[in-house]
Peer 1: 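Quick one: structure below, then a few questions.
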Amino acid sequence: MIALVTGATSGIGKSTAELFARNGYDVVITGRRQERLDEFQKHLEKTYKVKVLSLCFDIREQKEVEKAIKALPEAFTHIDVLVNNAGLAAGLSPIQDGNLDHWERMIDTNIKGLLYITREISNLMIKNKRGHIINVGSIAGKEAYANGNVYCASKHAVDALNKGMRIDLLPHGIRVSAVNPGMVETEFSVVRFDGDEDRAKKVYAGIQPLTAEDIADTIYWMASRPAHVNINDIIIMPTIQANATTVLRKN
Ligand code: NDP
Ligand code: 8X3
């Protein structure tokens with residue numbers, strides 16, 4: 001079995017690729033940071049004795065995505081599971097003060113990048129007559145919250161695409177699922193706040209957030225259900241979080 005995980009250099013994607021490898025899957029790991037990919041590939045190969053292919057590309061660049069997938073070695077073309085994880089939030093501002101670069105990055109990565117890779121891999125899955133696409137959405141795709149505007153819109157798009165893909169791929173026997181997490185402590189907030197680590201730490205101060213491993217567990221559980229079972233959609237929150245903005249903090 002083969003799993004391709006986008007955004008496997010950090011956080012949820014990295015933990016997910018590791019869990020699939022631990023369960024004997026060969027894995028394709030992607031991201032833009034070549035050094036991290038190389039190091040992670042060595043670790044997975046050595047620890048789990050599985051085949052690992054690392055692909056370094058920017059998911060926002062359609063030609064790069066197409067080239068990387070078209071050049072997959074034969075042994076990696078039978079992708080069983082695609083985890084559409086690569087994504088980010090950039091900024092947290094009211095709509096009228098939005099930073100255009102932040103908007104473009106979120107829309108190009110979370111929506112267009114997810115579409116580019118899905119187009120390539122779904123065609124391989126159709127040829128192989130099997131497959132499972134697991135989309136990483138967010139609680140931000142289920143609710144809008146103050147200053148979350150464009151990030152929330154991008155994750156609402158993932159929610160809609162999750163439903164649409166399931167309809168279009170139904171005749172081909174391809175399963176489509178989504179996991180929508182609340183707060184998970186990864187590099188997410190450091191990226192959101194343009195590298196401001198102190199501000200990022202405050203997001204998780206006084207709470208027990210989810211971990212990347214919690215989400216990896218959920219994704220692997222979805223993928224490992226019997227072939228006739230499809231988990232359509234899961235919202236997963238830390239116990240201290242009731243919705244996008246209601247969080248119980250210890251002072
Ligand atoms: P991280 O910042 O830790 O990981 C993000 C991953 O996405 C990295 O591997 C990064 O790789 C990759 N990525 C980002 N931009 C690109 C790009 N242009 N091309 C290729 N790869 C890219 O964050 P998380 O693990 O938390 O985020 C993973 C997913 O989970 C995202 O879709 C996020 O929206 C979602 N999510 C996160 C939550 C949280 O609270 N953390 C909650 C709900 C959903 P590289 O930089 O090497 O390219
Ligand atoms: C990440 C969770 O609440 O920051 O998608 O939007 S949140």
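Residue numbers start at 1 and run along the sequence shown. We count ligands from 1, going down the list as the structure has it; atoms in each ligand are counted the same way.
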Peer 1: Using the ring centroid of each side chain, check whether Tyr116 and Phe57 are separated by less than 6.0 Å.
Peer 2: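 They do not qualify: ring centres at least 6.0 Å apart.
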Peer 1: Just heavy atoms, cut-off under 4.0 Å: does Ala8 contact ligand 1 by side chain, backbone, both, or neither?
Peer 2: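 The answer is the backbone of Ala8.
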Peer 1: Using heavy atoms and a 4.0 Å limit, tell me yes or no: is Gly137 in contact with ligand 1?
Peer 2: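 Within the 4.0 Å threshold, so yes.
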Peer 1: Any non-hydrogen atom of Lys155 lying under 4.0 Å from ligand 1?
Peer 2: yes
Peer 1: Does Arg192 approach ligand 2 within less than 4.0 angstrom via side chain, backbone, both or neither, non-hydrogen atoms only?
Peer 2: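 Within the 4.0 Å criterion, Arg192 contacts ligand 2 through side-chain atoms alone.
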Peer 1: Can you pull out the closest protein heavy atom to atom 1 (C) of ligand 2? Residue, atom name and distance to 0.1 Å, please.
Peer 2: Phe188 CZ, 3.3 Å
Peer 1: Please state which option from Thr9, Val65, Val5 has its nearest heavy atom closest to atom 11 (O) of ligand 1.
Peer 2: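 Nearest option to atom 11 (O) of ligand 1, by heavy atoms: Thr9.
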Peer 1: Where the side chain of Asn128 meets the backbone of Arg130, is there a donor-acceptor pair that is under 3.5 Å apart?
Peer 2: no
Peer 1: Out of Ser154, Ala86, Gly31, whose heavy atom is nearest to atom 13 (N) of ligand 1?
Peer 2: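 Selected option, by shortest heavy-atom distance: Ala86.
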Peer 1: Nearest heavy atom to atom 36 (N) of ligand 1: which of Tyr204, Phe40, Tyr151 does it belong to?
Peer 2: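 Result: the heavy atom closest to atom 36 (N) of ligand 1 is in Tyr151.
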Peer 1: Who's closest to atom 35 (C) of ligand 1 heavy-atom-wise, of Val136, Thr6, Ile29?
Peer 2: Val136
Peer 1: Are any of the N/O atoms in Ser138 less than 3.5 Å from those in ligand 2?
Peer 2: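 It does: an N or O of Ser138 is found under 3.5 Å from an N or O of ligand 2.
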Peer 1: Looking only at non-hydrogen atoms, which of Gly13, Ala90, Gly113, Gly87 approaches atom 5 (C) of ligand 1 most closely?
Peer 2: Gly87
Peer 1: Checking side chain to side chain contact (heavy atoms under 4.5 Å, CB included) against Val27, which of Val81, Val5, Leu44 comes through?
Peer 2: Leu44
Peer 1: Under 4.0 Å from a heavy atom of Phe57: give me the atoms of ligand 1 that qualify, with their elements.
Peer 2: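 Here the atoms of ligand 1 in question are 19 (N), 20 (C).
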Peer 1: Going by the atom numbers of ligand 1, which of them fall below 4.0 Å from some non-hydrogen atom of Asp58?
Peer 2: 17 (C), 18 (N), 19 (N)
Peer 1: Are the side chain of Asn85 and the backbone N or O of Gly7 linked by a donor-acceptor pair below 3.5 Å?
Peer 2: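 Yes; at least one donor-acceptor contact below 3.5 Å.
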